[in-house]
Every structure is written in C-alpha cells, then in structure tokens.
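In what follows, a single structure is set out as structure tokens and then discussed.
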Amino acid sequence: MKHTLLITGFEPFQQEPINPSWEAVAALPSDIGPWHLEKLRLPTVFGQAAELALARAAVLKPQAILSLGQAGGREAVTPEVVAVNLQDARIPDNAGNQPQGDPIVPAGWDGYFTTLPVRSLAQQAAEKGFPCRLSYSAGTYVCNDVFYRLLHHYKPTETRVGFIHVPFLPIQAKEGQPSLSLTQITEVLEFLIGALE
Ligand code: PCA
C-alpha cells in the first residue's frame with residue numbers, strides 16, 4: 001500500500017506571472033517511491049490557504065503533508081526547520097490583508113519544529129550534489145502562516161508536516177538574482193520525497 005502525501009504549491013503573488021512552487025508541484029509525477037502524491041494549489045491568502053489544505057487533508061488523511069512556496073533570492077531548494085507564531089507582512093496578500101505583527105494562533109506556542117526529518121534529508125541531497133540546504137526561517141508571510149497552522153493542527157498526531165521554499169525560475173529572476181530551472185527544482189524534490197520513509 002502506498003502512503004499518501006498531500007503536496008501543495010501557491011498561486012502567484014506580488015505581480016509575478018507564475019509561482020515556481022505550484023509549477024514544481026504540477027510537474028512532479030503522481031508516484032515517487034512509496035508515496036502517492038495528492039496535489040493542491042493554495043491561494044496566497046493568510047488563513048484561507050491553511051483552511052483549504054486542512055479541509056483536503058481531513059478527507060485524504062495523508063501520512064504526510066508537504067507545502068512548497070516561492071522564496072525569491074534564494075539559491076537552493078530549502079527545507080524549513082521551524083514555523084513561528086507571527087504574521088508580519090511587508091506586502092498585502094492576494095486578498096489585501098497585511099497583518100502587522102499579529103499572532104497566527106493567539107496563545108499558541110511561539111513556534112513549532114517541522115515533523116519531517118529535514119536535517120537528514122537535506123544532508124543526503126547535498127551529498128548527492130543537489131542544490132539543497134536547510135533554512136531556519138520560513139519568514140512571517142503566508143508560507144509561514146500555512147506551515148504554522150498545519151503543525152499546530154497535526155503536531156499531536158502521526159501526520160507529519162514539512163515546508164520547502166524554492167527559488168525563482170530563470171524567467172522571474174532579475175539581473176543578478178539567483179534562480180534554478182524547473183527541472184533542477186523538481187529533481188531535488190523527487191530526491192527528497194523518495195528519501196522520505
Ligand atoms: N511564498 C510566500 C507566500 C506564497 C509563496 O509562494 C512566502 O514565502 O510566504
């Protein structure tokens with residue numbers, strides 16, 4: 001029996017024509033190693049994105065949930081270590097919300113660590129020469145919001161939760177900005193998912 005992985009990517013935001021996180025999810029095969037992938041595109045909207053993911057997860061009952069997001073300016077695929085209980089938006093989300101230093105879950109824990117073995121996964125990927133390294137901040141925008149809410153919901157359960165930020169695609173990168181091709185991004189993701197037990 002295959003395990004179910006709910007994998008999500010975001011719609012474009014901040015006037016970008018595309019979001020590499022969704023492009024990568026869409027480009028992945030439906031089955032990788034022991035995992036069957038269920039794909040879901042999320043709105044770049046505080047609260048709503050996590051609600052949608054949680055609703056889908058309630059039906060699918062996946063063994064793991066992996067969310068992907070765009071992190072322009074990064075050079076590598078970066079599995080995130082920690083989510084923080086903070087919404088602090090430099091730009092409005094796609095519904096015009098721009099929280100300024102608010103908690104995601106009032107009285108919730110300050111932070112949650114991911115429940116995927118990201119340290120070992122990132123190390124294995126780097127050893128194979130893939131552009132992959134750990135990140136210790138998922139920011140305080142919609143990606144961190146989804147990551148925190150999923151961990152808040154699933155931390156006491158067997159369902160594991162992870163988040164990975166991916167760089168710009170070459171067509172998005174302005175001069176001097178780093179990027180990876182869609183193939184490079186999906187190769188790293190396939191390796192990471194395949195290595196997940
Ligand atoms: N990246 C944003 C939100 C959506 C996305 O792809 C972030 O890093 O918060």
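Every number for a ligand or one of its atoms is a count from 1 in the order of the listing. The structure presented is a predicted model; accordingly, all values stated were derived computationally and were not measured. No hydrogens, no waters, no symmetry mates; every other heavy atom, side chains included, goes into these values.
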Between R74 and E80, does any side-chain N to carboxylate O distance fall below 4.0 Å?
yes
Strictly by side-chain hydrogen bond (donor to acceptor under 3.5 Å, both in side chains), give each pair with a member in residues 21-32 just once, sequence neighbours left out.
N19-S21, D31-H36
Set of ring-ring contact (aromatic ring centres under 6.0 Å, His included) partners for Y112, sequence neighbours left out
W109, Y148, H152
For ligand 1, give me the residues whose heavy-atom distance to it is below 4.0 Å, by chain and number please.
F10, F13, N19, T44, G69, Q70, Y141, V142, C143, H165
Between the side chains of Q124 and S120, does any donor sit under 3.5 Å from an acceptor?
yes
With under 30° as parallel and over 60° as perpendicular, where do the rings of F13 and Y141 fit, or are they tilted in between?
tilted
Which residues pass the ring-ring contact (aromatic ring centres under 6.0 Å, His included) test with F168, not counting sequence neighbours?
none
